[in-house]
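This structure is a prediction, so every number in the text was calculated from the model and none was measured.
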Amino acid sequence: MSSAADQPHHSGALPPGQHWRDEPEIMHYGPVPPLRPDRWTFVLGGATADGLEHTFEWADLAALPRQDLVADMHCATRWSAAGLHWAGPRALDVIALAPPAPEVSSVLVFAEYGYAANVPLADLRRPTTLLATTLDGVPLTPERGAPMRLVIPHLYTWKGPKWVRGWNYLGAEDTDLGFWEQRGYHRRGHAWQEERYDYQGEHP
């Protein structure tokens, strides 16, 4: 029998405690940010291998290879949507633009209006983790996270911020927490292990 960690990103099966809905619900905290391509940047900082903060423009990320991905989406509020068609650069290829220092094991992904989420570096490095720019073959709408959102299929959706703008690599002494992690949610958020809340135990 396969473990929860081995579940595919599009399996037709539900993680524990979830129910299907026809399409993903539009959910976010705060307003929808305006699209301003001339001001858009993507920042990789924190404990980078070279100790520097790296800023990229839209053209830099658009030049990366695009990956197509069919994946289910799982929200910690207990709904799941099946077989969504995403496309965009892999997070793995973005990491290669400014790699982390050797001791880094987690990152703080940040988005518009101060939103952030803790994500293990190993999950960010999975080949199925995308910085998606399209959904079902069309560019993301502002409500869906345009121009770019992070998609990590095996984690709950709060770990994949809409309007993503970069991440900071966290060093061994860093204790930064994301928006929902500050409010008692799990540091990892693995949907198949039902990691919803911080009180559930140890974190990777």
Side-chain angles (χ1 to χ4, degrees), residues 4-7 9 39-69 71 74 76 86-133 145 147-183 185-193 195 198 201-204:
D6 296 327
Q7 290 288 348
H9 48 272
R39 303 183 188 179
W40 191 93
T41 56
F42 196 90
V43 179
L44 302 181
T48 57
D50 61 9
L52 301 175
E53 182 175 275
H54 297 262
T55 300
F56 303 93
E57 297 182 354
W58 180 258
D60 299 317
L61 271 62
L64 295 173
R66 287 172 56 83
Q67 179 76 29
D68 293 310
L69 175 72
H74 309 295
W86 303 100
R90 298 185 307 169
L92 188 62
D93 294 326
V94 176
I95 290 171
L97 297 176
E103 70 273 13
V104 170
S105 62
S106 63
V107 303
L108 188 70
V109 179
F110 56 87
E112 297 281 3
Y113 299 137
Y115 184 89
N118 294 90
V119 175
L121 181 60
D123 291 310
L124 197 65
R125 278 179 161 156
R126 285 198 180 196
T128 52
T129 298
L130 297 188
L131 288 158
T133 59
M148 178 177 282
R149 69 179 295 166
L150 182 62
V151 175
I152 312 176
H154 64 289
L155 302 186
Y156 289 120
T157 55
W158 95 79
K159 297 295 185 176
K162 299 192 284 189
W163 315 302
V164 63
R165 297 295 296 272
W167 54 73
N168 286 330
Y169 299 113
L170 300 180
E173 303 302 318
D174 290 327
T175 58
D176 298 4
L177 293 177
F179 181 88
W180 289 112
E181 291 82 10
Q182 291 177 28
R183 291 158 175 79
Y185 281 71
H186 202 276
R187 286 285 294 274
R188 186 180 188 196
H190 196 300
W192 291 95
Q193 296 175 9
E195 294 173 339
D198 184 70
E202 295 296 324
H203 310 297

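With contacts defined as side-chain heavy-atom distances shorter than 4.5 Å, the pair T129/V151 does not qualify. Inter-residue side-chain proximity for W163 and W40 is flagged as unmet; no heavy-atom pair is nearer than 4.5 Å.
At least one donor-acceptor pair under 3.5 Å links the side chain of N118 to the backbone N or O of D176. When atom types are taken as modelled, the side chain of Q182 and the backbone of L177 share a donor-acceptor pair closer than 3.5 angstrom. Distance alone, capped at 3.5 Å, is enough to place a donor-acceptor pair between the R165 side chain and the T41 backbone.
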Side-chain donor-acceptor distances from residues 42-64 under 3.5 Å, at least two apart:
from	atom 1	to	atom 2	distance (Å)
T48	OG1	D50	OD1	3.1
T48	OG1	G51	N	3.1
T48	OG1	L52	N	3.0
T48	OG1	L52	O	2.7
D50	OD1	L52	N	2.9
D50	OD1	H54	NE2	3.1
D50	OD2	H54	NE2	2.8
D60	OD2	E57	N	2.7

Please report, to 0.1 Å, the donor-acceptor pairs under 3.5 Å made by any side chain of residues 86-100, with sequence neighbours excluded.
from	atom 1	to	atom 2	distance (Å)
R90	NE	D93	OD2	3.2
R90	NH2	D93	OD1	3.0

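The only option from H186, H190, E181 that meets the side chain to side chain donor-acceptor pair (under 3.5 Å) definition with K159 turns out to be E181.
Going from atom CG of L131 over to atom CH2 of W167 covers 5.0 Å, rounded to the nearest 0.5 Å. The distance from the OG atom of S106 to the CG atom of L124 is 10.5 Å, given to the nearest 0.5 Å. The distance from the CG atom of D174 to the CD atom of E103 is 9.5 Å, given to the nearest 0.5 Å. Rounding to the nearest 0.5 Å gives a distance of 5.0 Å between CG of L130 and CG of L69.
Every residue two or more places apart in sequence or in another chain was checked for a ring-ring contact (aromatic ring centres under 6.0 Å, His included) with F110, and none qualifies.
Here the closest heavy-atom approach between residue L121 and residue V104 is recorded as CD2-O, 3.5 Å.
Relative to the ring axis of Y185, R183 does not place its NZ or CZ within 45° and under 6.0 Å from the centre.
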query = So D123 and R188, side chain to side chain contact (heavy atoms under 4.5 Å, CB included) or not? Walk me through it.
reply = CA-CA 9 Å; D123 291 310; R188 186 180 188 196; 2.9 Å; yes
